[in-house]
Amino acid sequence: MAFIGTILQESIKLKQSMASGRTKASPLLQQYKTLEKLITYSKDTAFGEDFSFPDLLKEKDLMDAYRSSVPVFNYESMLKTYWSRILEDQENICRPGKTKFFALTSGTSDSASKRVPVTTSMIKAVRKTSIRQMLTLSQFDLPGNFYEKGVLMLGGSTKLQKIGQHDEGDLSGILAGNIPLWFYRFYKPGRKLAMERDWQLKLDNITKEAASWNIGIIAGVPAWVQILMERIIDHYKVKHIHEIWPNLKFFVHGGVSFEPYRKGFNALLGEEINYLETYLASEGFLAFQNGTCPHMQLVLDNGIYFEFIPYNDNNFDDSGNLKPGARSLHINEVDTKTDYAIIITTCAGAYRYLIGDTIRFISTETCEIKITGRTKHFLSLCGEHLSVDNMNTAIKRLAEETGQVIREYTVTGIPYEGMFAHQWYIAMENPTNIEQVQQQLDRILCQINDDYAVERKAALKAVMVKPLQTTTFYRFLKTLGKEGGQNKFPRVLKGALVEKWQTFLNNDPDAR
């Protein structure tokens with residue numbers, strides 16, 4: 001067995017060495033070729049005919065022509081004009097043939113889960129990017145037998161729901177149900193447990209099986225992985241997870257910032273492990289952390305074409321909606337000082353699709369990025385322009401100052417004394433002085449966001465904090481039908497979700 005692990009290790013090192021020795025095309029050229037391939041493949045579809053893809057391919061500057069000819073779509077407009085027809089199992093709408101899968105988005109809004117098409121091409125693209133990230137393990141000093149250890153993928157059920165001629169379910173469930181045969185010897189929790197739809201029952205069964213597995217890598221959303229590890233530690237009456245899985249060396253995470261979870265997560269470990277971030281959305285695998293590189297890099301040559309719209313008052317309104325006339329930028333037109341809303345065109349049939357996330361470039365040369373928030377989750381009642389990235393940073397520093405382990409939080413804007421206020425809900429265990437916590441949080445936010453500091457002297461009159469138990473957040477998700485898997489709690493509450501949250505808290509005895 002160790003011999004096989006050594007072969008895998010040497011193969012990974014060889015492939016990574018060969019890849020690093022090749023001269024890569026520039027980001028602009030990679031993106032040009034990606035767009036050309038996407039348009040060529042879909043030129044005879046209904047979408048391709050509506051927007052004259054054959055003619056676009058004749059243009060001297062394909063990227064500019066595409067930007068000028070095709071409007072920006074959001075989920076609602078894409079669903080109304082094209083994806084609704086794919087959901088009816090019509091073929092050749094956005095991509096050739098029929099679409100076999102639809103991913104139900106994890107959702108951080110009050111709306112029902114959205115249905116995003118997942119084509120065979122997209123599954124192959126996600127698999128290819130996953131292998132690329134796996135190859136970067138050669139950058140770490142690992143023993144040969146590590147490559148024989150199990151990989152626990154904590155995601156949604158692989159038992160999909162049949163609707164007409166297509167299947168629906170969590171993207172994690174779709175991908176886990178389509179992993180290559182050679183990977184099954186490493187894959188946990190295994191086919192049978194992966195099919196379980198009852199999230200609590202799945203966690204219970206994984207806990208019972210955990211001691212029989214030799215896990216080296218865990219992949220999943222931080223909150224649910226942390227809950228699972230706590231259950232395992234409690235069930236086996238051990239001090240930390242390494243007493244059960246001594247060879248655990250990697251946690252591959254995504255979906256939310258890991259920082260609010262890091263302190264509590266580390267407390268469950270017996271030794272340091274490596275953290276690898278991914279940007280795997282229902283719409284595709286957009287970016288990943290390349291081995292020891294501290295930031296994620298956009299995947300520019302594997303089925304996704306990117307455009308970027310500066311996230312500012314000129315392009316978006318206070319609710320995060322795109323304004324008419326907003327102009328997107330190509331990969332060679334971005335800088336490292338601006339937050340950008342991402343637009344993607346994919347091999348799953350999304351075209352100039354506003355995915356809803358915002359990013360900032362760390363490097364325009366290597367296309368390293370960090371996720372800064374959601375277009376709808378920036379909080380700006382009066383010009384404070386508070387991003388989720390600002391919030392995550394503030395919560396991390398607040399946890400350090402107070403000695404608290406803060407795993408969840410959310411915030412909403414409210415009217416207050418004729419002006420405005422921020423109401424925070426933070427998972428904290430019995431804080432001794434909540435007024436002091438409010439002052440600390442306010443001070444930290446003023447330090448990291450100049451606009452916020454200015455508005456605290458003007459229209460933003462108060463910052464209020466309500467401490468809650470961590471489990472309160474997860475119980476609320478359960479009431480929305482969004483427990484487990486890819487689901488995560490929204491960092492900013494807006495619209496109808498605020499009323500649902502308030503009603504839940506009023507009726508929850510632990511939250512009063």
Side-chain angles (χ1 to χ4, degrees), residues 26-39 42 47-48 50-53 55-82 94 279 281 283-284 286-287 298-301 303-346 349-365 367-378 380 383 385 387-389 451:
S26 68
L28 181 63
L29 182 56
Q30 289 181 64
Q31 281 285 269
Y32 186 94
K33 290 182 176 179
T34 297
L35 179 61
E36 184 179 48
K37 186 175 180 179
L38 289 169
I39 291 180
S42 299
F47 194 99
D50 287 348
F51 293 99
S52 305
F53 277 11
D55 293 334
L56 284 182
L57 290 167
K58 300 175 185 176
E59 293 287 342
K60 184 177 180 180
D61 192 326
L62 175 62
M63 293 169 66
D64 278 346
Y66 180 66
R67 177 170 58 184
S68 301
S69 301
V70 180
V72 174
F73 288 85
N74 58 21
Y75 177 77
E76 286 73 22
S77 58
M78 200 77 208
L79 177 67
K80 180 179 179 180
T81 51
Y82 296 99
C94 291
Y279 187 0
E283 295 81 1
L286 280 69
L298 288 175
V299 180
L300 303 177
D301 60 349
I304 301 178
Y305 174 71
F306 296 92
E307 296 172 74
F308 309 91
I309 298 181
Y311 191 81
N312 55 38
D313 293 339
N314 294 327
N315 295 324
F316 291 86
D317 63 23
D318 290 340
S319 298
N321 298 308
L322 187 67
K323 291 181 178 180
R327 182 178 181 274
S328 68
L329 303 178
H330 301 321
I331 191 70
N332 63 318
E333 298 174 322
V334 298
D335 60 45
T336 58
K337 301 177 181 178
T338 306
D339 285 322
Y340 295 101
I342 303 178
I343 297 174
I344 58 173
T345 297
T346 77
Y351 293 94
R352 302 205 74 213
Y353 182 81
L354 189 63
I355 193 172
D357 292 327
T358 60
I359 66 163
R360 179 169 290 203
F361 281 85
I362 305 300
S363 168
T364 55
E365 292 182 4
C367 295
E368 293 174 51
I369 64 161
K370 71 173 180 177
I371 300 172
T372 55
R374 300 275 297 169
T375 54
K376 304 269 185 176
H377 287 185
F378 274 70
S380 190
H385 300 120
S387 71
V388 174
D389 187 49
D451 290 335

### Query
How long is the span from the CG atom in L35 to the OG1 atom in T345, to the nearest 0.5 Å?
6.5 Å

### Task
Output the distance between atom CZ (R360) and atom CD1 (I369), rounded to the nearest 0.5 Å.
12.5 Å

### Task
Applying side-chain contact (heavy atoms from CB on, under 4.5 Å), run through Y353 and Y75 and close with a yes or a no.
CA-CA 8 Å; Y353 182 81; Y75 177 77; 3.4 Å; yes

#### Entry: 4.5 Å side-chain heavy-atom contact, I355 and L286
yes

#### Entry: Worked verdict on K323 versus D317 for side-chain contact (heavy atoms from CB on, under 4.5 Å)
CA-CA 7 Å; K323 291 181 178 180; D317 63 23; 4.2 Å; yes

### Query
Does T336 have any side-chain hydrogen bond (donor to acceptor under 3.5 Å, both in side chains) partners at least two apart in sequence or in another chain, and if so, which?
none

### Aromatic ring pairing F361/Y340, orientation class (parallel under 30°, perpendicular over 60°, tilted between)
perpendicular

### Query
Does some side-chain heavy atom of L322 sit less than 4.5 Å from a side-chain heavy atom of N74?
no

### Summary
When every non-hydrogen atom of T375 is compared with those of A341, the smallest separation belongs to CG2-CB, 3.8 Å

### Task
Measure from the side-chain N and O atoms of E368 to the backbone N and O of S363, and report whether any donor-acceptor pair falls under 3.5 Å.
no

### Query
Is it true that a side-chain atom of T346 and a backbone atom of I304 form a donor plus acceptor pair closer than 3.5 Å?
no

#### Entry: Heavy-atom closest contact (A326 atom, I309 atom, distance)
CB-CG2, 4.3 Å

### Query
What residues, two or more places apart in sequence or in another chain, satisfy side-chain hydrogen bond (donor to acceptor under 3.5 Å, both in side chains) together with T338?
D335

### Task
Report the distance from atom OG of S26 to atom CG of N332, rounding to the nearest 0.5 Å.
8.5 Å

### Pairs touching residues 63-81 that satisfy salt bridge (Lys or Arg N to Asp or Glu O under 4.0 Å), sequence neighbours left out
D64-R67, R67-E333

### Message
Using every non-hydrogen atom in the two residues, find where V70 and R352 come nearest and quote the distance to one decimal.
### Response
O-NH1, 2.6 Å

### Task
State, to 0.1 Å, how close I371 and D389 come at their nearest heavy-atom pair, and which atoms those are.
O-OD1, 4.4 Å

### Task
Step by step, work out the side-chain contact (heavy atoms from CB on, under 4.5 Å) result for Y305 and H330.
CA-CA 10 Å; Y305 174 71; H330 301 321; 3.5 Å; yes

### Task
Check for a donor-acceptor pair, side chain of T358 on one end and backbone N or O of G373 on the other, with a separation under 3.5 Å.
yes

### Query
Checking D55 side chain against K58 main chain: does a donor-acceptor pair fall under 3.5 Å?
no

### Message
Any non-hydrogen side-chain atom of S69 less than 4.5 Å from a side-chain atom of E59?
### Response
no

### Query
To the nearest 0.5 Å, how far apart are CD1 in I39 and CG in L57?
6.0 Å

### Query
Among all residues two or more places apart in sequence or in another chain, which pass the ring-ring contact (aromatic ring centres under 6.0 Å, His included) test with Y351?
F47, F53

### Message
Please give me the minimum heavy-atom distance between G303 and L38, naming the atom from each residue.
### Response
O-CD2, 4.0 Å

### Task
Tell me, please, which residues at least two apart from D301 pass side-chain hydrogen bond (donor to acceptor under 3.5 Å, both in side chains).
R132

### Query
In chain order, what residues pass the ring-ring contact (aromatic ring centres under 6.0 Å, His included) check against F378, with sequence neighbours excluded?
Y311

### Task
Mind checking the CD1-CG spacing from I359 to D339? Nearest 0.5 Å is all I need.
9.0 Å

### Query
Would you say the side-chain atoms of S77 pair up with the backbone N or O of F73, donor to acceptor, closer than 3.5 Å?
no

### Query
Are the side chain of Q31 and the backbone of F306 linked by a donor-acceptor contact shorter than 3.5 Å?
yes

### Query
What are the two closest non-hydrogen atoms of S328 and I343, and how far apart are they?
CB-CD1, 4.2 Å

### Query
Can you find a heavy atom in the side chain of C367 that is under 4.5 Å from one in the side chain of L300?
yes

